[in-house]
A.B. asks: 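Here it is, the structure, as structure tokens.
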Amino acid sequence: MVRRTEQILKARAGKVIPNGMYGHQSVRLLPESFPQFFNRADGAYLWDSDNTRYLDLMCAYGPNLLGYREPRVEAAVARQMALGDTMTGPSPLIVDLAETLVAMISHADWAIFCKNGTDATTMAMTVARAETRRRKILVAAGAYHGSAPWCTPVPAGTLAEDRAHLISYVYNDIESLEAAAAMAGDDLAGIFATPFKHDAFQDQALADPDYARRARAICDAKGAMLIVDDVRAGFRLARDCSWSTIGVEPDLSCWGKSFANGYPISALLGSDSCRAGAGAIYMTGSFWYSAVPMAAALETLKILRETDYLEHMARLGERLRSGLAAQAGAQGFSLRQTGPAQMPQILFADDPDLRLGFGFAENMLARGIYMHPWHNMFLCAAMSEDDIEFALTAAGAAFADLAAVRATLKPHPVVSAMMKSRAAHA
Ligand code: PMP
């Protein structure tokens, strides 16, 4: 496939954007054929800069929850756009939105709005420290909480001091959690946990309820803050904080990505246990009060309460999962499909350098399905049974192609080097 516009854009970007692109949306660690640029998106579909259409199983890495350009959300956005967005003070919508989230999220008594997930997680850490007047924060090894110096997975340009008071533990491992808490002694400010283990390049793991309860108990015993980072999973597991599904209430929860269906807003929600800490800190931003994303959030949250979007996504996810497993098996492949079906991680068994995963994703892309070879994917409510059938028809042919060329597949040089170094460290 010749992609003229993509090639021209990539050449131009290489001159004016470091590495041609940055961060999680750079295609540097994706198969060669993956497009970097997209012209538009609608419902469950994306069009690249050469106007090739894809069923999008990445959903913008999470923000697309109801479908791109969901009509009710777009109408709410247009209404607020006509009134004002970024002004000298917030619009009344900020109060409506805080009230709505406090009503929906069981543990929450207050809300602060910001822009990105990293704003919310960094603020959670700051509030926990301000509330407890302590320093130590427990973080699960390998968990992603954002790209600020304290949490970025790529340490270039950061200092060991930025992470000086973080103590790492192993997700779902109660003994290691207890050891980390003991190490913090009477200086424990908080424990971070994602709702389930959703680290890149690995199988996902649901939270062990005993681990979640132990984290709560440690925080209660020590007067520390339990922080659930719901930025990625928020509203894809529950219409409440994700750990409500296992009966564990945090003091703080971090939200972003999806709750305004793609409009730029994130939130830190907290309980009365740390209202004073939240009132003591100073964190802000020029765009943290903008009204348009709040209008989008209010309408999105209304749709979440009124529809079966969640059950629909889970049902489609299960259909995709079982269909892929059967098709893979028929061609002599075995898949490791982990995590909630609506946030699937799909890896091949016996694929240490991911060459099968890359080959499969590349083949699926050529058939109009955008899948990720090593990051968890996302379903959205705009997907239909027909879309899943479209993906499965493509997958049936892709597995057959893959079986035929299996012996000739080559690993991606950067990714296979990374996987080797991970294996050596494990
Ligand atoms: N926490 C989690 C669990 C995330 O998945 C992400 C983003 N992938 C973040 C925090 C950071 O969010 P953002 O990229 O919006 O800063």
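Both ligands and their constituent atoms are indexed starting at 1 by order of listing.
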A.B. asks: Would Lys257 count as being in polar contact with ligand 1, using the rule that some N or O on each side must be under 3.5 angstrom apart?
C.D. replies: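 Yes, since at least one N or O of Lys257 sits under 3.5 Å from an N or O of ligand 1.
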
A.B. asks: For atom 16 (O) of ligand 1, grab the closest protein heavy atom and report residue, atom and distance to one decimal in Å.
C.D. replies: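 Closest protein heavy atom to atom 16 (O) of ligand 1: Thr118 OG1, 2.6 Å.
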
A.B. asks: Hey, which atoms in ligand 1 end up nearer than 4.0 Å to a heavy atom of Gly146?
C.D. replies: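 So the answer, numbered in order with elements, is 10 (C), 11 (C).
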
A.B. asks: Does only the side chain of His24 get under 4.0 Å from ligand 1, or the backbone, or both, or neither? Count heavy atoms.
C.D. replies: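 No part of His24 comes within reach of ligand 1.
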
A.B. asks: Return yes when atom CG of Asp308 has more than 12 non-hydrogen atoms of other residues, nucleotides or ligands closer than 6.0 Å, and no otherwise.
C.D. replies: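 It does: Asp308 CG has more than 12 such atoms within range.
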
A.B. asks: Considering non-hydrogen atoms of the protein only, which is the closest contact for atom 5 (O) of ligand 1, and what is the distance?
C.D. replies: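 Checked against all protein heavy atoms, atom 5 (O) of ligand 1 sits closest to Arg232 NE, 2.8 Å.
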
A.B. asks: When you compare the side chain of Met343 with that of Pro195, does any pair of heavy atoms fall below 4.5 Å?
C.D. replies: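 No, every pair of side-chain atoms sits at 4.5 Å or beyond.
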
A.B. asks: Using the six-membered ring of Trp47, assess whether NZ or CZ of Arg40 lies under 6.0 Å from its centre and within 45 degrees of the ring axis.
C.D. replies: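 Judged by the rule, Arg40 and Trp47 form a cation-pi pair.
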
A.B. asks: Give the contacting part of Tyr144 toward ligand 1: side chain, backbone, both or neither, where contact means a heavy-atom distance below 4.0 Å.
C.D. replies: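 Looking at Tyr144 and ligand 1, atoms from backbone and side chain both fall under 4.0 Å.
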
A.B. asks: Does CZ in Arg12 sit with more than 12 non-hydrogen atoms of other residues, nucleotides or ligands closer than 6.0 Å?
C.D. replies: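 Not buried by this count: 12 neighbours or fewer within 6.0 Å.
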
A.B. asks: Have a look at Gly117, Ser147, Ala143 and point out the one with the heavy atom closest to atom 12 (O) of ligand 1.
C.D. replies: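 The option holding the nearest heavy atom is Gly117.
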
A.B. asks: May I ask you to identify the nearest protein heavy atom to atom 9 (C) of ligand 1, giving residue, atom name and distance to one decimal place in Å?
C.D. replies: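 Here the closest protein heavy atom is Val231 CG1, 3.6 Å.
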
A.B. asks: Check Pro340 against Gln204 and note the closest heavy-atom contact, atom names and distance.
C.D. replies: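 Here Pro340 and Gln204 meet closest at CD-NE2, 4.3 Å.
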
A.B. asks: Enumerate the atoms of ligand 1 whose separation from the nearest heavy atom of His145 is less than 4.0 angstrom.
C.D. replies: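 Contacts of ligand 1 toward His145, numbered from 1: 1 (N), 10 (C).
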
A.B. asks: Can you spot which of Arg135, Arg129, Lys222 makes a salt bridge (charged side-chain N to carboxylate O under 4.0 Å, His left out) with Asp187?
C.D. replies: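 The salt bridge (charged side-chain N to carboxylate O under 4.0 Å, His left out) with Asp187 is passed solely by Arg135 among Arg135, Arg129, Lys222.
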
A.B. asks: Looking only at N/O atoms, are Asp229 and ligand 1 under 3.5 Å apart anywhere?
C.D. replies: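 Looking only at distances, the answer is yes, because the N/O contact criterion of under 3.5 Å is met.
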
A.B. asks: Examine Tyr211 together with Tyr171 and report whether their ring centres are nearer than 6.0 Å.
C.D. replies: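 Under 6.0 Å, so yes.
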
